[in-house]
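Structure, as structure tokens:
Chain naming here is simple, since letters A, B, ... match the order of the sequence lines and numbering starts at 1 in each.
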Number of protein chains: 2
Amino acid sequence: MLRHAGFRATYGRVALLEMLAHARKPVRVETAAKAVRGKLDLTNTYRALEALRRVGLVRRVDLGHAHTHYELAEGKHHHHLVCDSCGKVADVEIQEKEMERAALRAARDFKSVRAHSLEFFGLCNACV
Amino acid sequence: MLRHAGFRATYGRVALLEMLAHARKPVRVETAAKAVRGKLDLTNTYRALEALRRVGLVRRVDLGHAHTHYELAEGKHHHHLVCDSCGKVADVEIQEKEMERAALRAARDFKSVRAHSLEFFGLCNACV
DNA sequence: TTTCTTATTGCGAATCTTTTGCATTTAGGA
DNA sequence: TCCTAAATGCAAAAGATTCGCAATAAGAAA
């Protein structure tokens, strides 16, 4: 995958992709860096994730915190429902196309929608 | 408004609300602070905006940048379509309720949705 | 395999946004 | 006018992310 995307397949990047593949929810850069400790430091984890994002191997997830999360870009684009209380994250699929069309209809003066970010916040069953 | 919300009506906060009332799009904290220069410094602009947000007078808008934007909380909750090229912002209204219901349906294990964030990115008519 | 080019990395320092501490000022009720 | 808690300014801290640069290593070529 890495070579095909024009990258060198370094231990750090491979480890990074592997950890993302096993993660069950979007991961903070700091967490990712710790997971590949010894193979890639924090600075280069930032650089690697950004590079991987640019070629579409990973996606940025903005959960409204001060820090960015990343997840492996597999399957279709989806959103998240985050528990306010425990932080649990569930994947959510929504009628994307229709929503973007609606946005375009609502926004006079715009010709196209390239992307959107949509995250939900609420309570999971295990929390009060 | 300020007194009614339990605040002291200081020059700084009044100026802040006035500038937000005239702004045509969500404003960065730094920009807001410059606009009320002399009446409120950067630190207290942060404090004031957060306080105003807690009582519902302003809303936070997260456009996916490294910094937070704020807008006056008037009218119904809405979203934004941001031009990738020039940064122009248009307001967008979407069928909120139905979307949140759909999210809840899609996310097993969740009992409620308190809020969501939704922003669109694309190109306005004036840009390439 | 060895060599060579340059992408990648580590590390320190810088930058940017946001928060905190604290002494001083001030809005607004008594 | 007086008094107290809310607000404020300023300096410094904290957290996230980026930059600069010399050292290292992946992978193509010999």
Side-chain angles (χ1 to χ4, degrees), chain A residues 1-20 26-71 82 87 117 119, chain B residues 1-20 26-71 82 87 117 119:
Chain A
M1 286 165 68
L2 285 166
R3 298 219 183 82
H4 190 266
F7 290 123
R8 288 181 182 178
T10 65
Y11 287 114
R13 286 172 177 170
V14 170
L16 201 53
L17 285 177
E18 276 175 355
M19 92 80 81
L20 286 176
V27 178
R28 294 183 49 164
V29 181
E30 192 191 352
T31 307
K34 274 182 188 152
V36 297
R37 180 174 32 215
K39 305 200 184 68
L40 215 49
D41 73 353
L42 182 60
T43 296
N44 288 301
T45 301
Y46 271 103
R47 291 199 257 234
L49 287 171
E50 254 311 282
L52 294 171
R53 185 194 62 75
R54 276 197 300 275
V55 299
L57 283 177
V58 306
R59 294 200 194 95
R60 286 182 76 144
V61 178
D62 193 338
L63 299 178
H65 302 130
H67 40 258
T68 306
H69 293 232
Y70 287 87
E71 67 182 1
V82 186
S117 80
E119 310 301 334
Chain B
M1 285 167 67
L2 285 166
R3 297 220 181 80
H4 190 267
F7 290 122
R8 289 182 180 175
T10 64
Y11 288 114
R13 286 172 177 174
V14 170
L16 201 52
L17 285 176
E18 275 174 355
M19 92 80 82
L20 286 176
V27 178
R28 295 184 49 162
V29 182
E30 192 191 354
T31 308
K34 275 183 187 151
V36 296
R37 180 174 31 215
K39 305 199 183 69
L40 215 49
D41 73 353
L42 182 60
T43 295
N44 288 302
T45 301
Y46 272 103
R47 291 199 258 235
L49 287 171
E50 254 312 281
L52 294 172
R53 185 193 62 75
R54 275 198 299 275
V55 299
L57 283 176
V58 307
R59 295 200 195 97
R60 287 182 73 145
V61 179
D62 192 338
L63 298 178
H65 302 131
H67 41 258
T68 306
H69 293 231
Y70 287 87
E71 67 181 1
V82 186
S117 80
E119 311 300 334

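Side-chain N/O atoms of N44(A) include none lying less than 4.0 angstrom from OP1 or OP2 on dT8(C).
Relative to the side chain of A9(B), the nucleotides dT8(D), dA7(D), dG28(C) differ in distance, and dG28(C) lies closest. Of all nucleotides listed (dT8(D), dG27(D), dT19(C)), dT8(D) comes nearest to the side chain of R13(B). The listed nucleotides are dT18(C), dC10(D), dT18(D); the one nearest the side chain of D41(B) is dC10(D). Closest to the R8(A) side chain, of the nucleotides dA7(C), dT9(C), dA7(D), is dA7(C). Ranking dG9(D), dC11(C), dA7(D) by closeness to the F7(B) side chain, first place goes to dA7(D). Picking from dG10(C), dA11(D), dA16(D) the nucleotide with the shortest atom distance to the side chain of E30(A) gives dA16(D). Closest to the Y46(B) side chain, of the nucleotides dT8(D), dT17(C), dG12(C), is dT17(C).
Here the shortest heavy-atom pairing between N44(A) and L40(A) reads CB-CD1, 3.8 Å. Smallest separation of non-hydrogen atoms from K39(B) and Y11(B): CD-O, 4.0 Å. Residue M19(A) comes nearest to T31(A) through the heavy atom pair CE-O, 4.2 Å, listed as atom of the first residue, atom of the second, then distance. L16(A) approaches A32(A) most closely through the heavy-atom pair CD1-CB, 4.0 Å.
Nucleotide dA6(D) holds its P atom 16 Å from the CG atom of L52(B), rounded to whole Å. Note: NZ (K39(A)) to C1' (dA26(D)) measures 17 Å, nearest angstrom. Between the P atom of dG15(D) and the NE2 atom of H67(B) lies a distance of 22 Å, rounded to the nearest Å. Residue H69(A) contributes atom NE2, which lies 16 Å from atom P of dG15(D) at whole-angstrom precision. One atom, CZ of R53(A), and another, C1' of dT17(D), lie 14 Å apart when rounded to the nearest Å. The OH atom of Y70(B) sits 14 Å away from the P atom of dT17(C) (whole-angstrom rounding). L42(A) places its CG atom 15 Å from the C1' atom of dA14(D), with the value rounded to the nearest Å. The nearest whole Å value for the distance from the CG atom in L49(B) to the P atom in dA7(D) is 14 Å.
In this structure, R53(A) pairs ionically with E50(A), as a charged nitrogen and a carboxylate oxygen lie closer than 4.0 Å.
Judged by closest nucleotide on DNA chain D, Y11(B) is the one of T43(A) and Y11(B) placed further toward the 5' end. When the nearest nucleotides of DNA chain D are assigned to A48(B) and A66(B) by heavy-atom distance, the more 5′-ward of the two goes with A48(B). Between R3(B) and E50(B), the residue anchored closer to the 5' end of DNA chain C is E50(B), taking for each the nucleotide with the nearest heavy atom.
Note on L40(B): only backbone sugar-phosphate atoms sit closer than 4.0 angstrom, heavy atoms only; bases stay farther off. Residue R47(B) is in base contact, counting any heavy-atom pair closer than 4.0 Å across all strands shown. Residue-level contact check: T68(B) touches the backbone only, with heavy atoms under 4.0 Å from sugar-phosphate atoms and none from bases.
Checked against R13(A) for a side-chain contact (heavy atoms from CB on, under 4.5 Å), the options L2(A), V36(A), L57(A) give a single hit: L2(A).
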